[in-house]
Enquirer: 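My structure is below; once you've seen it, I'll send some questions.
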Amino acid sequence: MFTALFAAILVTFPAESQRLPQTGRTYVIGAASTNRSERLAINGVEVDVYRTGAFLAMVRVQPGTNTLTFTQGTNTLVRRFVVAAPPSGAVRPAPPSPPHNPYADLGIPTNTVFAAKPPPGTPPGNIHVMVDAGHGGSDSGALSPRGMKEKDFNIYQAKALEAALRRAGFRVTMTRTDDSFPALYDRPRRAFREKADIFISIHHNATGVGTNPRDARHSTTYASNEKGLSLARAVQRHVAQAVAPVRDCGAQVKSLAVCRNPAVPSCLVEVDFINLPEGEEASADPVRREKVASAIVMGVLDWLAE
Ligand SMILES: [Zn+2]
């Protein structure tokens, strides 16, 4: 009864009628039957279907409407999308945006300083870790080939981390436990108000339209200030081992709303890229999820012992 459904071709990106920024090529992701005798083709060019059914292809595109025809066996799917034209005339650079003021953004007193790091030997039960699952609700984040949403990868990984931290004895709170969307600044503001000692945000990555996710795939942990960076370095050292052979891009500094907290050491883990079949499969694997959760706990313990 459901045969037709499983034999269908699913295209996750680009969506029908989607408008893409100016680019000469785009990635195309989706899922199809893994039946080896039924080859998947895009505009007549054969595409590898991964063992999970996911596929990834890079296709050349032109400004204006583009049409892709997907065929596999007797199934056909046509997808139209629009690529923005190059700007005509000189491009005026956008005026620089004023620097963020994390005190004003979070609505906390400007004389706020980082609380003293818990001294080595502090029982974990006296250490409060806030775990943030990125995105949520109407904000799905990135999409995977089989149509899974980053917000869901994030909550599964965050819950595994919550459990691992509790097993290690830490006091843990979550910025969300369901498919809700706490406003971006409410997350670090809550960490400040509830006197968290550590804030860790969980995300999964994806590339821009013109970049092949296979080339870009890496793990990294971001921080936005010195205090956060020492935490990010400790965490990323272990995360990199847990997700190997995914390339390790180390800890990096980036101005991120949830990491600019001037009161709570904060970092944001980008575990893997989900817009390629291998990254989607690994990120959906409960065993890998447990490894990453344990790795983050080890990073937290290292940082506390530094
Ligand atoms: Zn994200």
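Note that ligands are numbered from 1 as they come in the structure, with each ligand's atoms numbered from 1 the same way. For the single chain, residues carry numbers from 1 onward in sequence order. On a predicted model such as this, the values are computed, not experimentally measured, just so you know.
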Enquirer: So if I apply the salt bridge (charged side-chain N to carboxylate O under 4.0 Å, His left out) rule between E306 and each of K227, R237, R233, which one comes out positive?
Expert: R237
Enquirer: Quick check: of its N, O or S atoms, which one does H203 have closest to the Zn ion (ligand 1)?
Expert: ND1
Enquirer: Check whether any N, O or S atom of E150, backbone or side chain, sits closer than 2.8 Å to the Zn ion (ligand 1).
Expert: yes
Enquirer: Going by side chain to side chain donor-acceptor pair (under 3.5 Å), H203 matches just one of E270, K151, E150. Which one?
Expert: E150
Enquirer: In H135, the N, O or S atom nearest to the Zn ion (ligand 1) is which?
Expert: NE2
Enquirer: For residues H218 and F273, establish whether the separation of their ring centroids is below 6.0 Å.
Expert: yes
Enquirer: Let me know which of R217, R214, R51 forms a salt bridge (charged side-chain N to carboxylate O under 4.0 Å, His left out) with E278.
Expert: R214
